[in-house]
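The structure appears right after this line, and notes come after that.
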There are 2 protein chains.
Amino acid sequence: MVSKLRQDIAAKGESGGGALGGLRMTKQRKLVYDVLLDERDHPTATEVYMRSKQRMSSISLATVYNCLETLSAAGLVKQVNVGRDASRYCPNLAQHAHFICVKCEQVLDIDLKNDKEVESVWELPEGARIDQLEVAMKGVCPDCNAAEKEVGGNG
Amino acid sequence: MVSKLRQDIAAKGESGGGALGGLRMTKQRKLVYDVLLDERDHPTATEVYMRSKQRMSSISLATVYNCLETLSAAGLVKQVNVGRDASRYCPNLAQHAHFICVKCEQVLDIDLKNDKEVESVWELPEGARIDQLEVAMKGVCPDCNAAEKEVGGNG
DNA sequence: ATTGATATCAAGAATTATTCTAAATAAAAA
DNA sequence: TTTTTATTTAGAATAATTCTTGATATCAAT
């Protein structure tokens with residue numbers, strides 16, 4: 001049921017409408033999804049709301065939250081949590097980690113190396129079923145790191 | 001300065017008192033730390049508060065938050081975030097991941113395999129400095145998984 | 001012990017992200 | 001068109017956390 005929503009959005013890329021086992025492809029959902037695709041900078045719900053509002057002034061913050069939730073449940077979007085900060089959202093479905101720069105606050109996608117598995121480095125408990133794996137890194141991004149060295153020079 | 005607090009707590013294990021470059025080893029901090037050491041089930045701040053209150057009825061929630069923050073900053077305690085749930089705290093300083101069971105909500109420490117590095121599986125951006133790495137897994141723990149199969153038997 | 005400076009505590013107010021509620025609207029099915 | 005169901009909207013409610021302020025405790029020096 002949820003997978004049909006997914007298929008629908010991916011295939012059509014249009015808000016043609018149509019029932020999908022109960023889930024509907026609405027203007028709002030399409031808009032929110034487009035906003036995420038257009039600027040892949042891991043916006044928060046509020047940021048998505050502000051961007052969405054520019055194209056559909058009537059949309060509400062609650063609806064943005066609803067849409068993000070629905071899209072996440074449908075597997076089209078990933079909710080990104082780093083520490084206690086507001087959740088961010090990204091439409092990159094490949095397995096990846098997130099890096100947040102404590103200086104400029106930008107979030108970078110970190111891809112998995114070829115032929116590697118995240119799970120392989122952990123002593124996983126036998127008999128457990130793992131549904132989700134969230135990897136978040138905090139630090140200073142290459143840009144800020146370079147800028148820091150130039151100014152401070154304090155090794 | 002912060003490392004002295006750390007050393008102090010680790011070495012003495014007592015609330016002897018004493019200045020530590022500004023940071024003080026107070027009864028409250030020691031208590032909060034002891035609570036974490038006594039039951040290593042990754043309690044939330046509120047849970048730590050309730051347990052602490054049994055031993056020091058005058059302690060306040062705000063103080064528990066302060067202590068947890070101080071201990072985290074000192075590197076004695078790790079703040080564990082899984083999704084948007086309340087932060088949990090653990091005194092396990094070895095590098096490890098966390099697994100939370102969506103059924104029983106218990107949190108398990110997942111150790112790193114010998115000779116493995118988490119970083120090794122990721123395409124890390126060159127020039128970045130990584131200060132923190134948080135790995136959180138969600139799923140069903142071995143116990144709940146076994147119980148589930150007995151009852152449902154569904155797929 | 002007394003004093004002065006500073007760190008910490010406690011209680012409650014404030015903040016913030018998020019979820020909930022209920023009525024209105026839109027879309028699909030009949 | 002009518003009926004049914006899903007969704008949107010606005011605002012209230014919630015929950016975790018942080019902030020504020022005055023009171024207390026601790027430290028360092030006398």
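Each chain gets a letter, A, B and so on, in the order its sequence line appears, and its residues count up from 1. Keep in mind it's a predicted model, so treat the numbers as computed, not measured.
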Next item on the list: Using the test side-chain contact (heavy atoms from CB on, under 4.5 Å), find all partners of B:T46 that sit at least two apart in sequence or belong to another chain.
Entry: B:T44
Next item on the list: Could you tell me whether A:T44 contacts a base, only the sugar-phosphate backbone, or nothing, with contacts defined as non-hydrogen atoms closer than 4.0 Å?
Entry: nothing
Next item on the list: Taking only the side-chain heavy atoms of A:A62 (C-beta and beyond), determine which of D:dA16, D:dG11, C:dA11 contains the nearest atom.
Entry: D:dG11
Item checked: Quiz item: A:R24 side-chain donor-acceptor pair to D:dT5 base, under 3.5 Å -> yes
Checklist line | Of the listed nucleotides D:dT17, C:dA27, C:dT18, the one nearest the side chain of B:A45 | finding: D:dT17
Note to self: If I take atom OH in residue B:Y65 and atom P in nucleotide C:dT15, what distance separates them, rounded to the nearest angstrom?
What the structure shows: 18 Å
Notebook entry, point to check: Within this structure, what is the CG-to-C1' distance between A:L61 and C:dT18, rounded to whole angstrom?
Noted result: 9 Å
Check: Can you find a side-chain donor-acceptor pair between B:S87 and B:Q79 that sits under 3.5 Å?
Finding: yes
Note to self: Quick check for you: among C:dA11, D:dT17, C:dT18, whose closest atom lies nearest to any side-chain atom of B:S60?
What the structure shows: C:dA11
Next item on the list: Can you tell me the distance, in whole Å, between the CG atom of B:L23 and the P atom of D:dA28?
Entry: 13 Å
Notebook entry, point to check: In terms of side-chain geometry, is the basic nitrogen of B:D38 or B:R55 positioned less than 4.0 Å from the acidic oxygen of its partner?
Noted result: yes
Next item on the list: Using five base pairs at each end, measure the axis-to-axis angle across the helix from C:dA1-D:dT30 to C:dA30-D:dT1 and round it to 10 degrees.
Entry: 30°
Notebook entry, point to check: If you look at every strand shown and take non-hydrogen atoms under 4.0 Å, does B:S87 touch a base, only sugar-phosphate, or nothing?
Noted result: sugar-phosphate
Next item on the list: Send over the distance from A:Y89 OH to C:dT18 C1', rounded to a whole Å.
Entry: 8 Å
Check: The side chain of A:C67 lies closest to which of these nucleotides: C:dC20, D:dT8, D:dA16?
Finding: D:dT8
Item checked: Short N-O contact, B:R51 and B:D34, less than 4.0 angstrom -> no
Notebook entry, point to check: Of the candidate nucleotides D:dT8, D:dT9, D:dA16, which contains the atom at the shortest distance from the side chain of B:A86?
Noted result: D:dA16
Item checked: Side chain of A:R84 - closest among D:dT8, D:dT17, C:dA10 -> D:dT17
Next item on the list: Check the side chains of A:N81 and A:H98 for a donor-acceptor pair under 3.5 angstrom, ignoring hydrogens and angles.
Entry: no
Next item on the list: Could you please name the option among C:dT8, D:dT9, C:dA27 that lies closest to any side-chain atom of A:K27?
Entry: C:dA27
